[in-house]
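To start, the structure itself, in structure tokens.
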Amino acid sequence: MRDVDRDLLKLLAFSDEEIEEFLPKWEIARKALRLDDATIANAIDHFIPENWDIKYLGVRKLIGAYLREGVEQCMTPTYKAEGKKIVYGILPAISNYYYAVKEAGGDDVFIGFPDHMLVNILNSFFHAAAPWLDIAESYGFTYGCRHCPLNKMRVAAYVENVIAAPDIIWSWGFNCDEGPKTDEMLQGITGKEWKYHVSRAPHDSLLSEKEEDIIARVEYMSEQMKLGVKAISDAIGIEIKPEHVASANKKMRAYGFKVGVLTQLAATADPPVLGGDSVSLAQCIMNVPFNTGTKYAEEAVDILTKELRAAIKAGEGVMPKGTPKVAIRNLPYCIPWLGQMFRQNGLMVQFACALTQSSRQTQPPTRPDDPWYTAAEAWSRNPMCSNMKNECDSYIEKLKTYNANGMLLGLFDFDRWVGPQQKLQAKMVEETLHIPCFYIEGDFWDDREYSPEALKTRVESICQVFKMRLAALEAEKEAE
């Protein structure tokens with residue numbers, strides 16, 4: 001009889017020793033997540049190899065790093081029973097503060113974003129998140145009103161005892177208003193205590209302003225972040241000091257540099273050597289903290305970077321030389337079959353603009369001796385936390401830097417803020433760079449409302465029109 005658990009871990013480059021050490025936790029997690037043998041076997045034989053560039057050891061190890069972290073979320077009931085402190089957060093965020101909590105508390109503290117991690121693990125590698133979203137809808141998260149699947153996952157995972165109640169969850173209402181409301185909803189429907197702290201910032205900058213240049217605004221953000229960290233310190237009984245924040249800032253900058261090198265290689269190689277989905281997995285760790293730290297992901301990034309250099313030198317790619325390359329606002333790595341569908345139609349989705357660092361983000365901090373201001377400044381430079389024009393300007397910069405042939409936007413129809421503004425951004429990018437841009441209706445996290453069959457005609461049409469417009473633009477340039 002096939003041992004699908006060992007086969008999965010071998011596929012993801014776990015050593016024999018690591019397999020034996022990991023299996024007890026994995027057995028707890030797969031039972032909690034209701035992953036049966038058939039689902040795991042399908043992931044091993046079809047879903048992972050068909051949707052991810054597993055020819056690279058680095059990609060397999062990167063998926064393995066995510067699997068480890070997904071299992072960690074399912075261990076939180078055990079950790080809480082052992083007396084460990086549990087600290088959650090939500091997207092969009094930066095990892096620095098959570099890693100600072102880990103620096104202060106070590107193994108006595110768990111950090112993580114369980115909603116993101118569980119949706120990511122279940123859909124990206126097993127295509128199995130749908131039942132959990134159905135559970136959330138049965139508790140009042142109605143499907144028709146289009147709510148964020150991450151908030152749905154948080155509700156479902158808690159009411160089904162997959163995750164423990166946190167000692168505190170830091171809800172970043174900077175962008176997501178529904179996140180804090182979900183925390184309140186959890187208290188109401190469970191009748192249990194779900195402690196949360198909400199941080200907010202005004203979205204009041206003019207389109208002509210850069211947020212990080214508005215000193216009073218960055219200082220306000222810094223104070224908001226201090227309050228958030230103090231709330232965590234009070235909740236877990238461990239003081240998080242400025243030196244913990246400084247250390248986390250330093251580690252994230254170092255990791256960000258490595259990911260920047262990987263992104264540059266993947267985004268500029270011709271022939272293309274790697275799909276943007278895998279790059280996004282590496283980039284996400286700067287926004288989503290791992291309780292296991294960056295050790296496993298960093299090892300994967302180092303290996304993958306070497307593998308890409310070797311592939312580029314040998315002229316080997318995953319698509320033919322000259323394949324048109326497009327960027328996307330947020331690459332739907334939780335729906336990896338979508339990227340493959342574009343590949344099948346002769347288009348390579350190369351990188352995610354929202355996760356790829358801009359020149360603003362790589363600039364040194366203006367107050368290096370103030371870790372709070374440094375982290376707030378980093379947040380202000382993040383395109384997802386900028387006003388619409390600054391966000392769009394950063395995309396235009398990246399499109400030019402990596403010589404992308406076009407851009408895709410959309411897949412955020414559950415978000416009443418980010419979704420609609422992308423329609424305007426598509427127009428802004430196209431008018432500035434004169435490259436084809438397309439907006440796609442859909443859900444970044446949840447593909448229940450559309451299947452590959454339903455989306456096939458739309459993707460084929462986009463690719464066909466894209467190639468025609470690209471050919472026309474090239475003809476115009478030659479005529480000049």
Side-chain angles (χ1 to χ4, degrees), residues 7-14 42-70 120-127 258-285 296-328 330-353 355-356 402 404-405 408 447 452 459 463:
D7 286 353
L8 174 66
L9 300 182
K10 287 177 182 176
L11 175 67
L12 303 183
F14 281 64
N42 182 66
I44 297 166
D45 298 335
H46 298 288
F47 201 74
I48 293 175
E50 289 170 9
N51 292 298
W52 297 92
D53 293 318
I54 61 169
K55 62 179 278 188
Y56 297 117
L57 173 62
V59 170
R60 285 182 279 129
K61 280 187 169 287
L62 193 55
I63 296 173
Y66 271 78
L67 189 71
R68 293 175 196 270
E69 193 60 25
N120 195 342
I121 296 298
L122 288 168
N123 251 12
S124 300
F125 312 126
F126 300 100
H127 202 207
K258 288 187 175 185
V259 172
V261 172
L262 178 71
T263 304
Q264 193 272 338
L265 290 171
T268 59
D270 189 19
V273 291
L274 182 69
D277 306 76
S278 299
V279 178
S280 289
L281 288 184
Q283 292 170 325
C284 266
I285 297 170
Y296 297 109
E298 213 161 338
E299 179 194 13
V301 168
D302 289 342
I303 291 170
L304 186 53
T305 298
K306 291 178 182 177
E307 290 179 309
L308 295 193
R309 291 189 191 279
I312 291 168
K313 185 175 181 180
E316 299 171 351
V318 295
M319 292 283 283
K321 188 176 179 63
T323 297
K325 300 179 298 183
V326 297
I328 189 168
N330 266 89
L331 206 153
Y333 46 83
C334 285
I335 312 172
W337 54 261
L338 182 58
Q340 290 298 318
M341 190 172 286
F342 276 99
R343 281 202 206 186
Q344 291 160 10
N345 284 277
L347 217 62
M348 188 69 172
V349 184
Q350 204 91 9
F351 65 95
C353 280
L355 294 176
T356 300
Y402 297 123
N405 300 118
L408 302 172
D447 61 356
V459 172
C463 292

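Small disclaimer: the values here were computed from a predicted structure and weren't measured.
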- Check: Gly322 main-chain N/O paired with Asp270 side-chain donor or acceptor under 3.5 Å: yes
- Main-chain N/O of Val326 paired to Asn405 side chain as donor or acceptor, under 3.5 Å: no
- Message: Can a donor-acceptor pair be found, under 3.5 Å and without considering hydrogens, that links the side chain of Trp52 to the backbone of Ser124?
- Response: yes
- Message: I need the minimum non-hydrogen distance between Tyr402 and Gln264, along with the two atoms involved.
- Response: CE2-CA, 3.8 Å
- Query: Can any side-chain N or O of Thr356 pair as donor or acceptor with the backbone N or O of Cys353 at less than 3.5 Å?
  - Reply: no
- Message: Heavy-atom count check: over 12 atoms from other residues, nucleotides or ligands less than 6.0 Å from Lys306 NZ?
- Response: no
- Determine the minimum heavy-atom distance between Met348 and Val318, stating which atoms define it. CE-CG2, 3.7 Å
- Task: Check Gln283 against Thr263 and note the closest heavy-atom contact, atom names and distance.
- Result: NE2-OG1, 3.2 Å
- Would you say the side-chain atoms of Tyr296 pair up with the backbone N or O of Arg68, donor to acceptor, closer than 3.5 Å? no
- Item | Residues in salt bridge (Lys or Arg N to Asp or Glu O under 4.0 Å) contact with Glu298, at least two apart in sequence or another chain | Lys258
- When every non-hydrogen atom of Gly58 is compared with those of Ile303, the smallest separation belongs to N-CG2, 3.8 Å
- Looking only at non-hydrogen atoms, find the nearest pair between Ala300 and Leu62 and report the distance. CB-N, 3.5 Å
- Who pairs with Asp45 by side-chain hydrogen bond (donor to acceptor under 3.5 Å, both in side chains), at least two apart in sequence or on another chain? Arg2
- Query: So, Glu307 side chain and Leu57 main chain: donor-acceptor pair closer than 3.5 Å or not?
  - Reply: yes
- Compare every heavy atom of Ile121 with every heavy atom of Gly70, then report the nearest pair and how far apart it is. CA-CG1, 3.8 Å
